[in-house]
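What's counted below: heavy atoms across the whole structure, side chains too, no hydrogens, waters or symmetry copies. As the structure is a prediction and not an experimental result, all values here were calculated from the model.
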Amino acid sequence: MGAVTSSPAPASSAPVPSLTSVFVRLKLSLLRNGLRQSGGRTAAYVVSIVFGVLFAAGMLLAFVLVRGHENAGTVAILLTGVVALAWAVMPLFVPSGDETLDPSRLVMLPLLPAPLVRALLVASLVGVGPVLTLFLAFGAALSVAHGAAATLVAVLAVPLVTVTCVALSRAVAAANIRLLTSRKGRDLALLSGLVIAVGMQVVNFAAQRLSQPGGMDAVAPAAAVVGWLPPAAAIGAVDAAGEGAYAVAAARLLLTAAALAGLVHWWRRSLVRLMVEPDGSTIGAAPDPGARGKDGTGFLGRLLPGGRTGAVMERSLRYMWRDPKTKAAWVTSLAIGLIVPLFNALQGAGSIYWACFASGMLGMLMYNQFGQDTSAFWMVAQTLSTPADAYAELRARALALLSVTLPFTVLVTVLTAAVLGDWGLLAEGLGLSFGLLGAMLGTGAVASALFPYSIPQDSGYKNVAPGQAGLAWISIFGGMLVAALLCAPLIGAAVYFRVADHHSLLWLLLPAGTFYGALLVWAGLRLAAPRTANRLPEILAAVSKG
């Protein structure tokens, strides 16, 4: 009986899918599964698509209307540059908006850098942002494409602009991914609201400048420079080809292609470094011998008074620097409080009264003092057994705010008077600003005791716990209304001096505003102290809700 020999199993002939197709399917799966999590997320995504389509249609129509205009090239180039800038900074402020932005999730997979970069780049083109960028680039090229040569260049320029913008975004994200996934990166993401607010002021200022006669001529030199910066250089190549400057068009197109190659190379090096180098979690932190003095007191503590006042001030200032939401509120208030008065003064429509805007923005930080502590307020509550303790606590918190807000108010008022070119307005502006700041701090102390509310810490975009929105509205807007009414005597005096042509007496508003503001702070603290001590259980329950 012969031996039975077994033949080897036939090898599988199923084709191995490419890494690029796997990543594209993975991106689509992530998107689909994310939309299935909740109806609200699905609705938000649908709304974003609708608004994106409407925006793209509006921009295409605008580009069609400016086609043939002498400034069409300037508009197209500058707009492309702004879009590229938005792609560059987007990962720094929205690090958690797309899971594919974090390549550290792939470090344990046996993937080569070159195929990985190619797969990630193609997968990154799937989404609303890249499609919207493609339409904007198409509209920009359409507005400046005149002739067969320009049309041919536009066919190459439009996808080149889109791919370059996406590669720029991913390269920036890969180079800073360890920062973006750390606590400092989350702090940076919370400042996205500041960037939007500042950007709106800049856009408003630029729009008013451009609407003036000869406004477009003023930005033509900037467009000439941006036209040589990728990816806007690709749109500049279309414009140059339409004017017959074929050598310039070829140079700009090659420059954009070279920039894309450089971005991909930078992206690849960042991925290699990310996958082979250890991060901070595997390296022990060295002690900082200079962080504290010999007596164990930090540098900040040595500058502040002793006792409870200094301890509370140091705690408040450390919250201001370390707590993400407190830091975001401070930076936003400081930036907007400076930008709004100066921009109005630069536009020629401002007055010294705009300096009070800084006092209002900074004074709002006094509201909901206990809510900023969240559930940790229970430790503070253990030390507030009497109205005297509550008064000392609130006074120290107000002094911590004044250590920053007072010099900043002086700075904004001085800069506003300097831009307006009338130093005689300085005393009046300082007096009104000091009075408003004192009124805001006084009413803020009372509102903190009467209308405390919780600030959620699990979300970077929610500042009020569910069910407490009414308390927040009453606390902030009610307090602001009372503060405005308390400032009526100073406002009335300023109006009287101007109407009665007593301009030489306007300087009296400085000492009057300083004294009146200090009086309002003292009165507010005195009113808030017993209410704080008597309502500790209610305050603790309210601020711990989130």
Side-chain angles (χ1 to χ4, degrees), residues 19-20 23-24 76-95 98 100-104 106-107 111-127 129-130 132-134 136-138 140-141 153-180 222-241 245-277:
L19 185 63
T20 301
F23 270 70
V24 170
I77 291 173
L78 290 179
L79 181 62
T80 306
V82 171
V83 171
L85 180 63
W87 274 99
V89 302
M90 181 178 62
L92 301 178
F93 295 105
V94 195
D98 185 356
T100 60
L101 277 173
D102 187 1
S104 62
L106 310 174
V107 294
L111 302 175
L112 295 177
L116 178 60
V117 168
R118 182 170 58 251
L120 286 174
L121 181 58
V122 176
S124 300
L125 294 173
V126 178
L132 181 59
T133 304
L134 179 65
L136 292 177
F138 174 75
V153 174
V155 172
L156 300 175
V158 171
L160 188 59
V161 168
T162 306
V163 176
T164 303
C165 287
V166 174
L168 174 62
S169 175
R170 293 322 192 237
V172 171
N176 298 277
I177 191 61
R178 285 176 178 164
L179 168 66
L180 299 179
V225 175
V226 176
W228 286 96
L229 299 177
I235 302 300
V238 180
D239 189 26
Y246 303 121
V248 174
R252 290 179 171 179
L253 205 59
L254 290 175
L255 182 62
T256 306
L260 176 59
L263 288 172
V264 172
H265 179 68
W266 178 30
W267 187 6
R268 177 179 176 177
R269 288 179 59 89
S270 298
L271 289 177
V272 172
R273 185 169 58 252
L274 179 68
M275 294 181 175
V276 300
E277 291 184 0

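Not a single donor-acceptor pair under 3.5 Å links the side chain of Ser124 to the backbone N or O of Val166. Panel note: side chain Ser169, backbone Cys165; no donor-acceptor pair is recorded below 3.5 Å.
A pairwise comparison of heavy atoms in Thr256 and Ala234 identifies OG1-N, 3.3 Å as the closest pair. Looking at every heavy atom in both residues, Ala84 comes nearest to Leu168 through O-CD2, 3.6 Å. Across all non-hydrogen atoms, the minimal contact from Val226 to Gly81 is CG1-CA, 4.3 Å. Contact detail for Arg252 and Ala240: the closest heavy-atom pair is NH1-CB, 4.5 Å. Across all non-hydrogen atoms, the minimal contact from Tyr246 to Ala241 is CE2-O, 3.8 Å. Residues Thr80 and Ala232 come closest through the heavy atom pair CG2-CA, 3.8 Å.
Atom CG in Leu125 sits 8.5 Å away from atom CZ in Arg170 (nearest 0.5 Å). Distance check: Leu229 CG to Leu85 CG gives 11.0 Å after rounding to the nearest 0.5 Å.
In this structure the side chain of Thr20 reaches within 4.5 angstrom of the side chain of Arg118, judged on heavy atoms. Side-chain contact between Trp228 and Leu255: present, with at least one pair of heavy atoms (C-beta onward) separated by less than 4.5 Å. By the 4.5 Å heavy-atom criterion applied to side chains, Val83 and Trp87 are counted as neighbours.
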Steps toward side-chain contact (heavy atoms from CB on, under 4.5 Å) verdict (Phe138, Thr162): CA-CA 10 Å; Phe138 174 75; Thr162 306; over 6 Å; no
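Checked options Ile235, Val238, Val158, Leu160; the residue passing with Val153 is Val238 (criterion: side-chain contact (heavy atoms from CB on, under 4.5 Å)).
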